[in-house]
Amino acid sequence: MSPKHPSESLTILTDLVLPSETNPLNNLFGGELLARMDRAASIAARRHSRRIVVTASVNHVAFNRAIPLGAVVTIEAKVSRSFKSSMEVFIDVWVEDRESGSRTKANEAIYTFVAVDDSGRPVEVPPIAPQTDLEVQRFDAALRRKQLSLLLAGKIKPSEATELKALFL
């Protein structure tokens with residue numbers, strides 16, 4: 001299977017924050033943002049694998065900045081690393097200033113998807129060949145995140161977490 005570049009999976013969703021999507025402080029509900037991120041990440045994973053994909057986990061979400069009513073929100077998702085049948089998708093959330101048009105990073109997240117066949121069985125996905133410095137950084141860190149997740153779930157032994165050990169030795 002030929003490697004693909006993260007840019008081939010890039011998915012950009014831009015939308016407006018409406019009143020029905022806000023909390024009493026007139027900020028976007030966290031759950032609404034999670035759903036938008038899940039949709040963008042799902043499209044990115046499908047673009048990479050060209051298969052049906054299912055969300056396996058939400059590994060990290062940082063709500064760093066509230067997103068106000070009326071704001072233009074842009075979600076950018078792309079596959080940062082693939083494993084046998086799973087893909088890590090890194091998501092950046094941007095808020096556009098209404099007057100200047102400048103964008104500020106508001107949030108980020110990391111989701112994991114698994115590619116499956118029509119009966120729901122995992123299938124192999126293409127490897128990733130990162131190109132930019134940021135893509136290489138996210139690619140390298142993805143293995144550490146995966147090992148940490150497996151270690152915390154009791155699916156691997158500490159001695160098997162080679163990438164994590166390298167951080168401390």
Side-chain angles (χ1 to χ4, degrees), residues 6-49 51-83 85-116 120 122 125 128 130 132 134-155 163-164 167:
S7 59
E8 295 178 71
S9 67
L10 177 63
T11 300
I12 300 172
L13 298 179
T14 301
D15 204 357
L16 189 65
V17 177
L18 301 174
S20 64
E21 302 164 333
T22 61
N23 63 25
L25 296 174
N26 285 325
N27 293 317
L28 182 66
F29 278 120
E32 175 64 30
L33 181 58
L34 289 170
R36 291 179 187 196
M37 290 188 296
D38 193 38
R39 283 191 291 277
S42 172
I43 293 167
R46 186 166 184 133
R47 284 180 173 165
H48 178 76
S49 66
R51 305 295 282 208
I52 298 167
V53 296
V54 294
T55 309
S57 64
V58 176
N59 306 332
H60 168 76
V61 177
F63 294 108
N64 297 319
R65 181 177 169 173
I67 302 174
L69 173 65
V72 173
V73 180
T74 300
I75 298 169
E76 297 178 359
K78 63 178 158 177
V79 175
S80 50
R81 186 158 187 164
S82 60
F83 297 94
S85 62
S86 67
M87 296 155 281
E88 180 189 90
V89 180
F90 207 101
I91 304 151
D92 294 304
V93 178
W94 302 89
V95 176
E96 187 177 312
D97 182 78
R98 291 177 223 170
E99 294 179 20
S100 71
S102 66
R103 293 181 350 147
T104 303
K105 187 169 178 181
N107 304 296
E108 66 182 23
I110 302 169
Y111 284 41
T112 299
F113 285 81
V114 174
V116 297
V125 299
I128 282 283
T132 69
L134 180 59
E135 289 171 356
V136 169
Q137 177 187 349
R138 288 177 174 180
F139 177 89
D140 291 343
L143 183 55
R144 292 188 293 274
R145 286 189 288 270
K146 180 175 182 168
Q147 286 186 355
L148 179 59
S149 178
L150 292 172
L151 182 64
L152 292 173
K155 294 182 179 179
E163 290 295 312
L164 294 176
L167 291 174

Self-check item: Smallest separation among heavy atoms of Ser102 and Ser100, with atom names
Solution: OG-OG, 2.9 Å

Exercise. Measure from the side-chain N and O atoms of Thr112 to the backbone N and O of Ser57, and report whether any donor-acceptor pair falls under 3.5 Å.
Key: no

Practice problem: Evaluate the side chain to side chain contact (heavy atoms under 4.5 Å, CB included) criterion for residues Leu150 and Lys146: first the C-alpha distance (whole Å), next the side-chain angles of each, then the deciding distance (0.1 Å), finally the verdict. | Solution: CA-CA 6 Å; Leu150 292 172; Lys146 180 175 182 168; 4.0 Å; yes

Quiz item: Which heavy atom of Val125 sits nearest a heavy atom of Ser86, and at what distance?
Solution: CG2-O, 3.9 Å

Quiz item: Donor-acceptor pair, Asn64 side chain versus Asn107 backbone, under 3.5 Å?
Solution: no

Quiz item: Got a second to check how far Glu76's CD is from Glu108's CD, nearest 0.5 Å?
Solution: 12.5 Å

Quiz item: Distance-only, no hydrogens or angles: does the Arg81 side chain make a donor-acceptor pair with backbone N or O of Ile128 under 3.5 Å?
Solution: no

Exercise. Compute whether any side-chain donor of one residue and acceptor of the other, for Asn59 and Ser149, lie under 3.5 angstrom apart.
Key: no

Quiz item: Can you tell me how far CD of Glu88 sits from NE2 of His48, rounded to the nearest 0.5 angstrom?
Solution: 12.0 Å

Quiz item: Hey, does the side chain of Glu163 reach the backbone of Leu143 with a donor-acceptor pair shorter than 3.5 angstrom?
Solution: no

Quiz prompt | Note, Phe63 side chain near Val93 side chain (heavy atom, < 4.5 Å) | solution = no

Quiz item: How many angstroms lie between CE in Met87 and OG in Ser42, if you round to the nearest 0.5 Å?
Solution: 9.0 Å

Quiz item: Which atoms form the tightest heavy-atom contact between Leu28 and Arg36, and what is the distance?
Solution: CD1-NH2, 4.2 Å

Quiz prompt | Thr74 side chain near Ile12 side chain, heavy-atom distance below 4.5 Å | solution = yes

Quiz item: Pro19 versus Leu69: any side-chain heavy-atom pair under 4.5 Å?
Solution: yes

Quiz item: Which pair of non-hydrogen atoms, one from Phe29 and one from Ser20, has the smallest distance, and what is that distance?
Solution: CE1-O, 4.3 Å

Quiz item: Given the rule in the side chain to side chain contact (heavy atoms under 4.5 Å, CB included) test, do Met37 and Val61 qualify, once you have shown the distances and angles that lead to the verdict?
Solution: CA-CA 10 Å; Met37 290 188 296; Val61 177; 4.2 Å; yes

Self-check item: Distance, nearest 0.5 Å, that separates OG1 of Thr132 from CD of Gln137
Solution: 9.0 Å

Exercise. For the pair Lys78 and Glu135, evaluate salt bridge (Lys or Arg N to Asp or Glu O under 4.0 Å) and give the outcome as yes or no after the intermediate values.
Key: CA-CA 10 Å; Lys78 63 178 158 177; Glu135 289 171 356; 2.9 Å; yes

Quiz prompt | Nearest-0.5 Å distance, CD1 of residue Ile75 to CG of residue Asp15 | solution = 8.0 Å

Quiz prompt | Flag, side chain of Ser9 to backbone of Val79, donor-acceptor distance under 3.5 Å | solution = yes

Quiz item: What are the two closest non-hydrogen atoms of Ala44 and Val89, and how far apart are they?
Solution: CB-CG1, 4.2 Å

Practice problem: Indicate yes or no for a side-chain donor-acceptor contact from Glu21 to the backbone of Leu18 under 3.5 Å, with no hydrogens or angles considered. | Solution: yes

Quiz item: Mind checking whether Phe113 and Asp38 have side chains closer than 4.5 Å, heavy atoms only?
Solution: yes

Quiz item: Taking atom CD of Glu32 and atom CG of Asn23, what is their separation to the nearest 0.5 Å?
Solution: 12.0 Å

Quiz item: Minimum heavy-atom separation for Leu13 to Ala40, with atom names?
Solution: CD1-CB, 3.5 Å

